[in-house]
Chemist: 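Questions regarding the structure given below will be posed in turn.
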Amino acid sequence: MPVSTKVPTPAHQLDLPGEVERLLAELGVGRPRFSNGALQVRTPITGEIIGQIRETSSNDAMAAVEAAHAAFWAWRLVPAPKRGELVRLFGEELRARKAALGRLVSIEVGKIVSEGQGEVQEMIDICDFAVGLSRQIYGLTIATERGEHRMMESWHPLGVTAIISAFNFPVAVWAWNAALALVCGNSILWKPSEKTPLTALATQALLERALARFRQDGGPAPEGLSAVLPGGREAGETLVDHPKVALVSATGSTAMGRAVGPRLARRFARAILELGGNNAAIVTPSADLDLTLRGVAFAAMGTAGQRCTTLRRLFVHENVYASFVPRLKRAYASVAIGNPLEAGTLIGPLIDQTAYRRMQSALAAAKEAGGTIHGGERVAIDGAADACYVRPALVEMPAQSGPVAHETFAPILYVMKYSEIDSAIELHNAVAQGLSSSIFTNDLREAETFLSARGSDCGIANVNIGPSGAEIGSAFGGEKDTGGGRESGSDAWKAYMRRATNTINYGHTLPLAQGVRFDLL
């Protein structure tokens, strides 16, 4: 693709390494933690190095697991509402430093300011949810056929919880897991993406402040309750294989899940896998096209197409295609691209050169499959030659073929025509992934069909909003190659605990279930 000569933002005037150092100091991270290691951390805004982190070795990771396991034995005995108090204090620390941590997210990931701040708000929200949960870890009382007996179920802490997070939501997805794991009585170990370890160090520093306050007030928080293990594959593999890690919650590609899942299964460990998403939306003839345009634009272009819930396939009814798609093309051509730290920018950079190459490869394959490409070219930013800014690509496809069936983690939206709702739903479901989906319609029958058993096969199915932008109150996750795990709200907390079924005999006889008799002489 040709490189645009447009220069929308003067990124060369930024001192991002200096700003990162100031932010980390404000957040409680000492300079040795991010300046003396071999792992280079670059900001996608300019491509500059903003940190050098020491990687966690396998031996370091094993020691952290042992410490976390010892912490679990103590933490599991702390009453759940007291565990919730620690999470409440952590939420306060996040509120006090939301601006600084959100700014660091924007610099390390390349998110626009509102998205960086929104990610920290999501952490605050899940802390609020978890604090309430700490007084609502409910079991059941179950009817029994035996007189003078009671059956019930109870929930107990599970063990060491390992969280392996991805670059695109470097702190929020960790918080989904960590806040719930802590109130459920587990210790936590965090292996962040090697592309975004600075925000992890900052978040851990805030949690340590909360732990210090908790202990000052007499809270029984053991050492080793939470640790960050920056680095690459070695640390992650140690967490996956270690017999004292009870649960691994891993976010990443489907390929990563295929490697992690069998290793956990071999030792019967629990897994929460949040993997790929090739998300789609259907635009029907009755749709409010103004609303649809806004919903599609954010879902497809937001975060430079680097959300697992990003809209990647769009099926537009033939009756509205000619009126809707040209409007969408104009939005793609006019959206503001540039330095994500500046007001007015809507699209920041891709995370790195690899992401850019994969985007261009997918566009070349789409063209070969008969697609007509609008956008997708690189955008030059003064002073950021090593960064990868691109105009989002809208690709009109004659059919769901070529790269359309595969997830490309970049702002590419494949647009296709349909004539019947049943065929649109069939195409919608005809990919390996099953994360998020939506339909834009004012027809009640179409909406309810889409949400029914014969509709979307995804874990998230929406009506008149895009597939991107979930709230913490609901359980987040998908089906098929997306992994099947659930995080965040609803009853996702059950994955972090073990269930025990209890039967209590408070009588003087011993009746057996199902009428079985075993009478001793």
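FYI, side chains are in, hydrogens and waters are out, and symmetry mates aren't considered; it's all heavy atoms of this structure.
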Chemist: Would you check if there is a donor-acceptor pair between the side chains of S58 and T238 at a distance under 3.5 Å?
Modeler: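 On atom types as modelled, these side chains qualify, holding a pair under 3.5 Å.
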Chemist: Applying salt bridge (Lys or Arg N to Asp or Glu O under 4.0 Å), run through D352 and R42 and close with a yes or a no.
Modeler: CA-CA 9 Å; D352 56 22; R42 295 179 181 271; over 6 Å; no
Chemist: With the side chain counted from C-beta on, respond yes when R97 and L27 share a heavy-atom pair under 4.5 Å apart, and no when they do not.
Modeler: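 Contact flag for R97/L27 side chains = yes.
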Chemist: Rounded to the nearest 0.5 Å, how far does CG of L211 lie from CD of E223?
Modeler: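 Nearest 0.5 Å value for the CD-CG distance: 8.0 Å.
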Chemist: A side-chain contact here means heavy atoms from C-beta on lying under 4.5 Å apart; do M152 and I504 qualify?
Modeler: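 Touching, per the 4.5 Å side-chain cut-off.
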Chemist: Counting neighbours of CE on M62 that are heavy atoms of other residues, nucleotides or ligands and sit closer than 6.0 Å, is the number greater than 12?
Modeler: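 Open.
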Chemist: Under 4.5 Å between any side-chain heavy atoms of K191 and I163, yes or no?
Modeler: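 They are not in contact (no side-chain heavy atoms under 4.5 Å apart), so the answer is no.
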Chemist: Grab the two heavy atoms, one from P44 and one from I107, that are nearest each other, plus how far apart they are.
Modeler: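 Residues P44 and I107, closest heavy atoms: CD-O, 3.6 Å.
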Chemist: Is there a side-chain hydrogen bond (donor to acceptor under 3.5 Å, both in side chains) between E274 and T482 once you walk through the steps?
Modeler: CA-CA 6 Å; E274 297 290 358; T482 301; over 6 Å; no
Chemist: Output the distance between atom CD (E21) and atom CG (L16), rounded to the nearest 0.5 Å.
Modeler: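 Spacing of CD (E21) from CG (L16) equals 13.0 Å.
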Chemist: Answer with yes or no whether the side chains of S249 and E487 bring together a donor and an acceptor at under 3.5 Å.
Modeler: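 Judged by distance alone, the side chains do pair up.
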Chemist: Around atom CD of E66, are there more than 12 heavy atoms from other residues, nucleotides or ligands closer than 6.0 Å?
Modeler: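 Enclosed: over 12 neighbouring heavy atoms sit under 6.0 Å from CD of E66.
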Chemist: Can you tell if the side chain of L350 reaches within under 4.5 Å of the side chain of F409, non-hydrogen atoms only?
Modeler: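 When only atoms from C-beta onward are counted, F409 and L350 do not touch, as no gap falls below 4.5 Å.
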Chemist: Output the distance between atom CD (E93) and atom CZ (R88), rounded to the nearest 0.5 Å.
Modeler: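 Nearest 0.5 Å value for the CD-CZ distance: 10.5 Å.
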Chemist: Got a donor-acceptor contact below 3.5 angstrom from the S488 side chain to the I472 backbone?
Modeler: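 Answer holds: yes.
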Chemist: For the residue pair S226 and Q204, confirm or rule out a side-chain donor-acceptor distance under 3.5 Å.
Modeler: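 Their side chains do contain a donor-acceptor pair, which is all the 3.5 Å distance test asks for.
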Chemist: With heavy-atom distances below 4.5 Å as the criterion, would you say the side chains of R83 and F214 are in contact?
Modeler: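 Answer no - side chains too far apart.
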Chemist: Can you name the nearest heavy-atom pair linking P192 to P197, along with the distance?
Modeler: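 So the minimum-distance heavy-atom pair works out to CG-CA, 4.3 Å.
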Chemist: Within the supplied structure, the quantity of interest is the number of heavy atoms (other residues, nucleotides, ligands) at a distance under 6.0 Å from R215 CZ; does it exceed 12?
Modeler: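 Atom CZ in R215 is crowded, with more than 12 foreign heavy atoms closer than 6.0 Å.
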Chemist: Between T354 and R357, do the side chains contain an N or O donor and an N or O acceptor separated by less than 3.5 Å?
Modeler: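 Side-chain D/A pair, T354 to R357: present.
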Chemist: Does the side chain of R54 come within less than 4.5 Å of P230's, by heavy atoms?
Modeler: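 The answer is no; the side chains never approach within 4.5 Å.
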Chemist: Any non-hydrogen side-chain atom of L86 less than 4.5 Å from a side-chain atom of W75?
Modeler: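 Heavy-atom side-chain distance check passes, below 4.5 Å.
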Chemist: Does atom CZ (R135) have a neighbourhood of more than 12 heavy atoms from anything else shown, all under 6.0 Å?
Modeler: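 No.
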Chemist: Go through E108 and T199 one step at a time and tell me if the side-chain hydrogen bond (donor to acceptor under 3.5 Å, both in side chains) criterion holds.
Modeler: CA-CA 8 Å; E108 193 170 34; T199 43; 2.8 Å; yes
Chemist: For K82, does the NZ atom sit with more than 12 other heavy atoms under 6.0 Å from it, leaving out its own atoms?
Modeler: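 Atom NZ in K82 is not crowded, with 12 or fewer foreign heavy atoms closer than 6.0 Å.
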Chemist: Using side-chain heavy atoms (C-beta onward) and a distance below 4.5 Å, is K98 in contact with R95?
Modeler: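 Sidechains of R95 and K98: no contact.
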Chemist: Is it true that atom CZ of R270 has more than 12 heavy atoms of other residues, nucleotides or ligands lying nearer than 6.0 Å?
Modeler: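 Yes, CZ of R270 has more than 12 neighbouring heavy atoms, counting only those of other groups under 6.0 Å.
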Chemist: Let me know which of W176, W174, W190 forms a side chain to side chain donor-acceptor pair (under 3.5 Å) with S165.
Modeler: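 Option passing the side chain to side chain donor-acceptor pair (under 3.5 Å) with S165: W190.
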Chemist: Taking atom CZ of R33 as the centre, report whether more than 12 heavy atoms of other residues, nucleotides or ligands fall under 6.0 Å from it.
Modeler: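 Atom CZ in R33 is not packed in, count stays at 12 or less.
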